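First up is the structure itself, then whatever we jot down about it.
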Amino acid sequence: MTTVITRLYADEETACDIARQLKSEGIPKRALKVVVADGKKGAALAEALKSAGVHPSAAAGYAERVAGGAAALVAKVNYKPLGAAKLVRAITARAAVVAVENATEEFTCEDASEMTDNIMKDHRHIFLPQPVKADEKPGAFSERFGWKLLLDTPRKKNVYEGTKFMSQDFWPTPLVKTTAPKVKLLPADAPPQSAKFWKAPLLKDTPRQSNVIPGDFLPFSNTFGLATIQRR
């Protein structure tokens with residue numbers, strides 16, 4: 001829902017100053033409108049005020065005073081920014097307003113969808129040369145430019161014709177050979193590769209020593225006479 005708040009001020013300068021203060025507090029520019037006579041009078045001015053958002057009960061009284069030099073401020077706000085209606089009431093009270101009897105200066109109405117130049121709202125149509133009308137069925141993108149999606153033309157021949165492979169143009173070796181596979185480089189009964197450069201056998205069949213240090217298996221400290229435990 002949209003809350004419409006209207007105020008009547010003594011002159012256009014005051015109304016525009018209040019509108020500037022509202023914009024500085026976060027009220028969108030598109031939500032504000034200042035209406036002046038601009039040469040209109042009577043019923044024509046009243047209709048202009050209604051079109052701007054003034055309630056029908058206030059249009060006649062507003063028109064009479066606007067024709068004499070006053071200016072009407074119309075603010076249409078919703079939930080953004082939060083507490084927008086309360087903010088509009090507080091700021092519009094900063095200047096003296098012209099009182100109009102039996103005039104509804106605040107009411108709610110359904111949100112009206114407006115066509116704007118914001119592509120984020122109409123992004124589906126930004127690639128079309130003309131906007132799609134409500135009663136017009138959108139067509140394919142290509143149809144608007146006269147493009148054909150399919151061409152009924154004969155298929156072109158391959159770039160390489162005949163039986164030659166592309167590789168034969170720059171490398172004469174065939175891609176596949178039918179020669180028999182060669183014998184394995186290392187037969188099953190051949191000696192290991194280590195025997196060619198290292199004569200020592202890889203495995204020794206000798207009994208394992210019980211200790212690196214042979215002898216009576218004394219601790220290493222005993223060899224140098226070092227005491228492992230000191231008593232104080």
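Computed from a predicted model, the values in this text were never measured in an experiment. Below, each value reflects all heavy atoms present in this structure, side chains not excepted, and no hydrogens, waters or symmetry copies.
- Summarising the geometry of Val4 relative to Cys109, their closest heavy-atom pair is CG2-SG, 3.9 Å, with the distance given to 0.1 Å.
- Between Leu87 atom CG and Leu22 atom CG the span is 6.5 Å, to the nearest 0.5 Å.
- Considering all non-hydrogen atoms of both residues, Leu45 and Ala37 come closest at CD1-CA, 3.9 Å.
- Summarising the geometry, atom CD belonging to Glu25 is positioned 4.5 Å from atom CD1 belonging to Ile91; distances are rounded to the nearest 0.5 Å.
- Of all heavy-atom pairs spanning Ala85 and Thr3, the tightest one is CB-CG2, 4.2 Å.
- For Ala52 against Lys33, the heavy-atom pair with the smallest separation is CB-CD, 4.0 Å.
- Across all non-hydrogen atoms, the minimal contact from Val98 to Ala10 is CG2-N, 3.8 Å.
- Leu32 and Ile18 fall within a single hydrophobic cluster, where Ile, Leu, Val, Met, Phe, Trp and Tyr side chains are chained together by heavy-atom contacts under 4.5 Å.
- The two atoms that bring Ile27 and Ala84 nearest to each other are CD1-CB, 4.0 Å, heavy atoms only.
- Residue pairs meeting the side-chain hydrogen bond (donor to acceptor under 3.5 Å, both in side chains) criterion with at least one member in residues 85-102, sequence neighbours excluded: Gln21-Arg94, Arg89-Glu106.
- Counting only heavy atoms from C-beta outward, the side chains of Val54 and Val35 never approach each other to under 4.5 Å.
- Atom OG1 of residue Thr2 and atom CD of residue Glu110 lie 8.5 Å apart, to the nearest 0.5 angstrom.
- Interatomic distance, CD of Glu47 versus NZ of Lys40, reported as 11.5 Å (0.5 Å rounding).
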Tabulate below the donor-acceptor pairs under 3.5 Å that side-chain atoms of residues 56-69 make, not counting sequence neighbours, or state none.
unit_1	atom_1	unit_2	atom_2	d
Ser57	OG	His55	ND1	2.8
Ser57	OG	Thr104	N	3.1
Ser57	OG	Thr104	OG1	3.2
Tyr62	OH	Thr6	OG1	3.2
Tyr62	OH	Glu105	OE2	2.5
Arg65	NH1	Gly61	O	3.0

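- Asp38 contributes atom CG, which lies 9.0 Å from atom CD of Glu12 (distance to the nearest 0.5 angstrom).
- Within a 6.0 Å radius of OH in Tyr79, other residues, nucleotides and ligands contribute 12 heavy atoms or fewer.
- Results of the side-chain contact (heavy atoms from CB on, under 4.5 Å) test with Leu8 over Val100, Val97, Leu49, Leu73 single out Val100 as the only residue that passes.
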